[in-house]
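A quick write-up on the structure given underneath.
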Amino acid sequence: MGHSDNILDEIHNEGTKLIISDHEDELRRIESGYGDAKKPDDYLEAFRDYINRHADEIPALTVVTQRPRDLTRAQLRELRLMFDQQGFTEANLRTAIRETTNRDIAASIVGYIRHVACGQPLVSHKQRVTAAIETIINGRAWTEPQRKWLQRIGKQLEQEVVVDREALDHGEFAAQGGFERLNKIFKGQLDEILHEIADVMWQVAA
């Protein structure tokens, strides 16, 4: 295909033809976006260094590394924004880990942080949630409505990483009566059950 046939070679601006290039289009190279780091190893080391330097200074990061059961949706939003601003996105972290280990793991930002800071095995977020909900459901005799709500909470955890009182007062949960109604279904123990689910999700042996 010649350049005159290639729509990418010309731009029409108010009837005037502007020749951009008279060469064939070609793909030069593809690079992963690692900010200042040129290699995935350097990128992951920078991520590790950032966590180590700030783990005791940023409350939300301290919660993730020491008390993940207490992490709120608001703190998760704060963490994601902070790490995104540093160039440490979940997509970039996933790519860097794939390129250094040949393992493609769709973990959450919490999973990546705890992998680096706590030496926790890196597993996909969906796998982590599925295992946690299964453990909780099999751990005691729930009523059928309770089992269904636990499964719904699991689906929400797959999407949002954290399900807390705020999450249960929005969307589908709010339409079903929100936290207060669900809490009655769980005999006033919903707060503790949500913490139990988080404990199982983030236990070191996950």
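As a basis for the values below, the full set of heavy atoms in this structure was taken, side chains included, without hydrogen atoms, waters or symmetry mates. Numbers for residues simply follow the sequence, beginning at 1.
Below 30°, between 30° and 60°, or above 60°: for Tyr43 and Phe88 the angle between ring planes is between 30° and 60°, a tilted geometry.
When the shell of 6.0 Å around CZ of Arg103 is examined, it contains 12 or fewer heavy atoms from other residues, nucleotides or ligands.
Here salt bridge (charged side-chain N to carboxylate O under 4.0 Å, His left out) pairs that include residues 79-93, with residues two or more places apart or in two chains, are Arg80-Glu90.
When every heavy atom of Ile105 is checked against every heavy atom of Arg94, the shortest pair comes out as O-CG, 3.6 Å. Among all heavy-atom pairs drawn from Arg114 and Thr65, the shortest one is NH1-O, 3.4 Å. Closest approach of Ala132 and Val200 over heavy atoms only: CA-CG1, 3.6 Å. Heavy-atom minimum distance, Ala107 versus Val123: CB-O, 3.6 Å. The minimum heavy-atom distance between Ala167 and Glu160, with the atom names listed, is CB-OE1, 4.3 Å. Nearest heavy atom pair, residue Val161 against residue Ser108, reads CG2-CB, 3.7 Å.
Distance alone, capped at 3.5 Å, places no donor-acceptor pair between the Asp104 side chain and the Arg98 backbone.
Side-chain atoms of Leu93 and Leu44, non-hydrogen and from C-beta on, do get closer than 4.5 Å to each other. Within the 4.5 Å cutoff, the side chain of Leu168 has heavy atoms near those of the Leu194 side chain. Between Val63 and Thr72, the closest side-chain pair of non-hydrogen atoms is not below 4.5 Å. Contact check for Ile113 versus Gln120: no side-chain heavy atoms found under the 4.5 Å cut-off.
Taking NZ of Lys148 as the start and CD1 of Ile153 as the end, the distance is 14.5 Å to the nearest 0.5 Å. Separating the CD1 atom in Ile136 from the CD atom in Gln146 is a distance of 12.5 Å, to the nearest 0.5 Å. To the nearest 0.5 Å, atoms CD (Glu134) and CD (Gln151) are separated by 10.5 Å. One finds the OG1 atom of Thr135 at 10.5 Å from the CD1 atom of Ile197 (value rounded to the nearest 0.5 Å). To the nearest 0.5 angstrom, Ile193 atom CD1 is 5.5 Å from Arg140 atom CZ. Taking CZ from Arg128 and NZ from Lys126, the interatomic distance works out to 15.5 Å, rounded to the nearest 0.5 Å.
Considering only residues two or more places apart in sequence or on other chains, Gln176 meets the side-chain contact (heavy atoms from CB on, under 4.5 Å) condition with Trp149, Arg181. Applying the side-chain contact (heavy atoms from CB on, under 4.5 Å) rule to Val162 yields the partners Leu71, Arg73, Leu76, Asp164; only residues at least two apart in sequence or on another chain are considered. Scanning for side-chain contact (heavy atoms from CB on, under 4.5 Å) contacts around Arg69 gives Glu192, His195, Ala198, Asp199, with sequence neighbours left out. By the side-chain contact (heavy atoms from CB on, under 4.5 Å) test, Arg165 pairs with Asp169, Phe179, Glu180, Asp191, sequence neighbours left out. Looking at residues two or more places apart in sequence or on another chain, you find a ring-ring contact (aromatic ring centres under 6.0 Å, His included) between His54 and Tyr50.
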* Under the side-chain contact (heavy atoms from CB on, under 4.5 Å) criterion, do His125 and Met201 qualify, and how do the steps go? -> CA-CA 9 Å; His125 182 66; Met201 277 179 57; 3.7 Å; yes
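Ile51 pairs with exactly one of Val64, Val116, Ile58 by the side-chain contact (heavy atoms from CB on, under 4.5 Å) rule, that one being Val116.
Of the charged side-chain nitrogens involved, none lies within less than 4.0 Å of a carboxylate oxygen, so that Glu172 and Lys155 do not count as a salt-bridged pair.
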